[in-house]
Chemist: 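Before anything else, here's the structure in question.
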Amino acid sequence: MATATYPPPPPFYKLYKDYLQDPKSAPEPPPPIEGTYMCFGSNYTTDDVLPSLEEQGVRQLYPRGPNVDYKKELRSLNRELQLHILELADILVERPSQYARRVEEISLIFKNLHHLLNSLRPHQARATLIHILELQIERRRQAVEDIKRRREEAQRLLMESLETLDGH
């Protein structure tokens, strides 16, 4: 039995056979998915909301509420992580059979750090977009200045040329 290296295209490619002659002959794309959907056996949602740690079944190690000092909490969790890693090293040397609790605590700290960092992603995206737009504005200002300078230089050369022609 012979097998093809690549499978044949899906049959709906025939809907696009007259696309080059008449681009409007192709079917409209499907509407975007809204709400929840299933993909590879898992449920997903189109709402871009970061679930809380409690919703994920993880104990939160930093204060709840909208006024979280991210810098302070990230530093605190980082110090706590370093301490727990050092304690894990001591336990592995002195009592190797009791390492599991420390590993769980380290995992909990990592999950809290990860959640704090993910909650900063929208701010990071806005700051990145602002920076990109500021760079574009600066490039356009430079381009306008360059055009003005070249225009003035061209006008100067034209005036010199006219004076030279008038002198003959």
Side-chain angles (χ1 to χ4, degrees), residues 6 9-10 12-40 42-86 106-168:
Y6 298 105
F12 60 82
Y13 77 93
K14 296 174 185 169
L15 298 173
Y16 298 89
K17 65 182 177 184
D18 298 327
Y19 181 76
L20 291 176
Q21 290 79 20
D22 183 18
K24 294 181 181 179
S25 68
E28 292 290 319
I33 297 173
E34 292 183 15
T36 60
Y37 61 95
M38 184 172 270
C39 183
F40 301 114
S42 297
N43 284 324
Y44 295 94
T45 180
T46 56
D47 300 330
D48 196 18
V49 177
L50 181 65
S52 69
L53 286 170
E54 288 82 21
E55 291 173 10
Q56 298 176 34
V58 177
R59 185 168 54 98
Q60 186 167 329
L61 300 177
Y62 55 90
R64 291 169 178 80
N67 298 328
V68 175
D69 184 2
Y70 290 99
K71 195 175 193 180
K72 179 182 151 227
E73 296 304 327
L74 285 169
R75 280 188 180 147
S76 172
L77 286 171
N78 190 31
R79 278 191 222 105
E80 194 173 336
L81 177 64
Q82 291 172 355
L83 176 68
H84 277 74
I85 289 175
L86 288 174
I106 290 171
S107 175
L108 177 65
I109 295 170
F110 269 123
K111 288 175 183 175
N112 275 265
L113 278 167
H114 193 258
H115 189 268
L116 266 176
L117 291 172
N118 278 340
S119 62
L120 291 172
R121 297 284 183 222
H123 174 71
Q124 179 190 18
R126 277 190 300 276
T128 302
L129 184 59
I130 289 169
H131 178 69
I132 289 170
L133 292 173
E134 286 172 347
L135 287 176
Q136 286 179 357
I137 289 170
E138 184 58 32
R139 277 192 229 117
R140 288 179 181 167
R141 281 188 184 139
Q142 288 174 355
V144 167
E145 290 300 318
D146 188 46
I147 290 170
K148 286 180 181 177
R149 186 178 46 79
R150 290 175 189 255
R151 187 194 71 189
E152 289 170 1
E153 183 180 336
Q155 285 177 338
R156 183 184 53 79
L157 286 173
L158 280 172
M159 293 304 287
E160 288 177 7
S161 299
L162 284 174
E163 288 173 4
T164 304
L165 288 174
D166 287 341
H168 278 109

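Side chains are part of it too, since the values below use all heavy atoms of this structure and drop only hydrogens, waters and symmetry mates. The first residue in the sequence is number 1, and the count goes up from there.
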Chemist: Once you round to the nearest 0.5 Å, how far does CZ of R79 lie from CD of Q82?
Modeler: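 Taking CZ in R79 and CD in Q82, the distance rounds to 8.5 Å.
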
Chemist: Hey, does S52 have a side-chain heavy atom less than 4.5 Å from the side chain of Q60?
Modeler: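 The answer is no, as the side chains (C-beta and beyond) never meet within the 4.5 Å cut-off.
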
Chemist: In Å, rounded to the nearest 0.5 Å, how long is the span from CZ of R75 to CG of N78?
Modeler: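 Answer for the CZ-CG pair, R75 versus N78, is 10.0 Å.
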
Chemist: Could you grab the distance from atom OG1 of T164 to atom CE of M159, nearest 0.5 Å is fine?
Modeler: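 Result: 11.0 Å between the selected atoms.
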
Chemist: To the nearest 0.5 Å, tell me how far I137 CD1 sits from R140 CZ.
Modeler: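 Between atom CD1 of I137 and atom CZ of R140 there are 8.0 Å.
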
Chemist: Keeping T46 on the side-chain end and G35 on the backbone end, is there a donor-acceptor pair under 3.5 Å?
Modeler: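 Yes; judged by distance alone, with no hydrogens or angles, the pair exists.
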
Chemist: Give, for atom OH of Y37 and atom OG1 of T45, the distance between the pair rounded to the nearest 0.5 Å.
Modeler: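 Between Y37 OH and T45 OG1, I get 8.0 Å after rounding to 0.5 Å.
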
Chemist: With sequence neighbours excluded, what pairs up with Y70 under the ring-ring contact (aromatic ring centres under 6.0 Å, His included) test?
Modeler: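 With sequence neighbours excluded, Y70 shows a ring-ring contact (aromatic ring centres under 6.0 Å, His included) to no residue whatsoever.
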
Chemist: How about E160: does its CD atom have over 12 heavy atoms from other parts shown lying under 6.0 Å from it?
Modeler: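 Atom CD in E160 is packed in, count exceeds 12.
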
Chemist: Could R156 and E152 be called an ion pair, given the rule that one side-chain N must be under 4.0 Å from one carboxylate O?
Modeler: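 Salt bridge between R156 and E152, a charged N being under 4.0 Å from a carboxylate O: no.
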
Chemist: Under the side-chain contact (heavy atoms from CB on, under 4.5 Å) rule, what do E80 and L77 come out as? Steps first, then yes or no, please.
Modeler: CA-CA 5 Å; E80 194 173 336; L77 286 171; 4.3 Å; yes

Chemist: In the structure I gave you, are the side-chain heavy atoms of R149 and D146 within less than 4.5 Å of one another anywhere?
Modeler: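 Yes, at least one pair of side-chain atoms sits under 4.5 Å.
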
Chemist: Begin with the C-alpha distance, continue with both residues' side-chain angles, and end with the deciding distance and a verdict on side-chain contact (heavy atoms from CB on, under 4.5 Å) for I109 and L81.
Modeler: CA-CA 6 Å; I109 295 170; L81 177 64; 3.8 Å; yes

Chemist: List the atom pairs, with distances to 0.1 Å, where a side-chain N or O of residues 110-135 and a protein N or O form a donor-acceptor pair under 3.5 Å, not counting sequence neighbours.
Modeler:
residue: N112; atom: OD1; partner: L61; partner atom: N; Å: 2.8
residue: N112; atom: ND2; partner: R59; partner atom: O; Å: 3.1
residue: N112; atom: ND2; partner: L108; partner atom: O; Å: 2.9
residue: H114; atom: ND1; partner: N118; partner atom: ND2; Å: 3.2
residue: H115; atom: ND1; partner: Y62; partner atom: OH; Å: 2.8
residue: H115; atom: NE2; partner: P51; partner atom: O; Å: 2.9
residue: S119; atom: OG; partner: H115; partner atom: O; Å: 3.4
residue: S119; atom: OG; partner: L116; partner atom: O; Å: 2.6
residue: R121; atom: NH1; partner: Q124; partner atom: OE1; Å: 3.2
residue: T128; atom: OG1; partner: Q124; partner atom: O; Å: 2.8

